[in-house]
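All of these numbers come straight from a predicted model, not from anything done at the bench.
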Amino acid sequence: MADEIVLLDFWSSMFGMRVRIALAEKGIKYQHKEEDLRNKSELLLKMNPVHKKIPVLIHNGKPVCESLIIVQYIDEVWNDKSPLLPSDPCQRAHARFWADFVDKKVYDASRRVWTRKGEEQEAAKKDFFESFKTLEGELGKKPYFGGETFGFVDISLITFYSWFYVYETFGKFSMEAECPKIIEWVKRCLQKESVAKSLPDQKKVYESVLEWLGRE
Amino acid sequence: MAKSEVKLLGAWPSPFVMRPRIALNIKAVEYDFLEETFGSKSQLLLQSNPVHKKIPVLIHADKPICESLIIVQYIDEVWTSAPSILPSDPYDRAIQRFWAAYVDDKFFPTMRGISAAQGEEAKKAVVEQVAEALALLEEAFGKCSKGKAFFGGDRIGLLDIAFGSMLGWLRVTEKTNGLKLLDEAKTPGLAKWADRFCADAAVKGVMPETEKLAEFSKVLMAKMRGAPPPK
């Protein structure tokens, strides 16, 4: 029986992008459904009644929610190629730890960088740079967070790249100047087809933010 | 494995610390429980978890593992011969991880918010949110347990550990605020599950008595009130 895979997504969601990359890494064919977040579909509300959020992966009618949980699910089901998590339990724990760090620290700070002003924005920028400096420390001299191969932590973080122009413009800074090692790592990741085709254009994301703010 | 090979940095009142303790008990792994002094952080903690500086930290053969649910999964993956903590089916694993994340991201902060709420109206609103969260968890219990004793089936699993570890503080919150949050009328499945969970051999020795936890809560509240205001 052929697998039926549907992804409920939103084009500029860094969480949705994570799932797109994972599916691409595994070479999985799926149906992509773009949601209008101001008018959520019946299907989304039915498949994720608890949070009503994207991304949702629907595998043969059964929903999986929360981007990092979905990526682990994809890795465990399609375990015949391109492992996304390491096989060693200690390295797996470290990978989960750093992906969790991205969710807890990077997401929150990055959101505040472009939504706040004045002192609050300065505080957000401080947290933002601190979290990226910590990540640079963790990356060290490795080509990827996963070591020699692109993996779970890389997937969790690379999707923020599509929002860098938003952060830079609102926060008035340059990622290249502040976090050069991260930019080097970004360039390496962008050479991968799974990443390049899953990330939207930075300027388009910025324009959509302006449009969203103009509507508020 | 020598006892000193496995260390757990923690503190008895913490529900997060309880999680790896339950997991290690399930796996019958002996470990050194290194209790942190309340109000200060040891050198070992700061060295082992420089990023968050928080307990629990599992130190296995000198390698630190942080974040309670990550530690529990690590324990399950290293000690493979004893009963499994996560289900073998990837979909069931995803469901358990989803609800465990819900406990941490939604349930726990909301429950904690009851004691922090200022005034009757605010408190009532938070209590209502907790009731809604418990209703969702009651439904999840029905689906996950499939008529068996635990979220994990016949035996305690990841989600039992994630949610069950909150029971001590849930009972203290009920006691302190004169509330009945988990009860036979509104959440019959969870009410019975809670008793089974607390009675389980892997849990009994590490679940603090409600009285003791309530006393500790008073000390904690007093210290937080007495503390200088944050800048």
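Other residues, nucleotides and ligands contribute more than 12 heavy atoms inside 6.0 Å of the NZ atom of A:Lys26. The environment of B:Lys106 atom NZ is sparse: at most 12 non-hydrogen atoms of other residues, nucleotides or ligands sit within 6.0 angstrom. The number of heavy atoms from other shown groups lying within 6.0 Å of CZ (A:Arg188) is above 12.
Remark: side-chain polar atoms of A:Glu120 are not paired, donor with acceptor, to backbone N or O of A:Arg112 under 3.5 angstrom. Between the B:Glu36 side chain and the B:Ala11 main chain, no donor and acceptor come within less than 3.5 Å of each other. In this structure a side-chain-to-backbone donor-acceptor pair under 3.5 Å is present from B:Asp160 to B:Phe151. A side-chain donor-acceptor contact under 3.5 Å links B:Lys53 to the backbone of B:Pro50. A:Glu168 places a side-chain N or O within donor-acceptor distance of the main-chain N or O of A:Met175, the cut-off being under 3.5 Å.
Of residues 77-100 of chain A, those residues lying under 4.5 Å from chain B by any heavy-atom pair are A:Val77, A:Pro89, A:Cys90, A:Arg92, A:Ala93, A:His94, A:Arg96, A:Phe97, A:Trp98, A:Asp100. When the heavy atoms of residues 137-150 of chain B are compared with those of chain A, none of the residues falls under 4.5 Å. The stretch residues 8-23 of chain A places none of its residues near chain B, where near means some heavy atom under 4.5 Å from a heavy atom of that chain.
Between B:Leu220 and B:Phe38, the closest side-chain pair of non-hydrogen atoms falls below 4.5 Å.
If you measure heavy-atom distances from B:Pro64 to chain A, the contacts under 4.5 Å come from the backbone alone. Proximity to chain B (any heavy atom under 4.5 Å) is shown, for A:Pro49, by neither the backbone nor the side chain. Residue contact with chain A, scored on non-hydrogen atoms closer than 4.5 Å, involves the backbone and the side chain of B:Arg97 alike.
Looking only at heavy-atom pairs under 4.5 Å with chain B, the residue among A:Lys62, A:Gln72, A:Glu138 that has the most is A:Lys62. Of the listed residues (A:Val50, A:Leu68, A:Ile70), the one with the most heavy-atom contacts under 4.5 Å to chain B is A:Val50.
Under the 4.0 Å criterion applied to side-chain N and carboxylate O atoms, A:Lys104 and A:Asp108 are not assigned as salt-bridge partners. Checked for salt-bridge contact, B:Arg19 and B:Asp104 meet the test: a charged N lies under 4.0 Å from a carboxylate O. Of the charged side-chain nitrogens involved, none lies within less than 4.0 Å of a carboxylate oxygen, so that A:Glu184 and A:Lys187 do not count as a salt-bridged pair.
Under the ring-ring contact (aromatic ring centres under 6.0 Å, His included) criterion, B:Phe163 pairs with B:Phe107, B:Trp193, sequence neighbours left out.
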message: Using the rule given for salt bridge (charged side-chain N to carboxylate O under 4.0 Å, His left out), can you reason through A:Glu25 versus A:Lys192, listing the C-alpha separation, both sets of side-chain angles and the distance that settles it, and then say yes or no?
response: CA-CA 9 Å; A:Glu25 281 287 298; A:Lys192 294 181 66 68; 3.5 Å; yes

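Relative orientation of the A:Trp114 and A:Trp163 rings is tilted, given thresholds of 30° and 60° on the angle between their planes.
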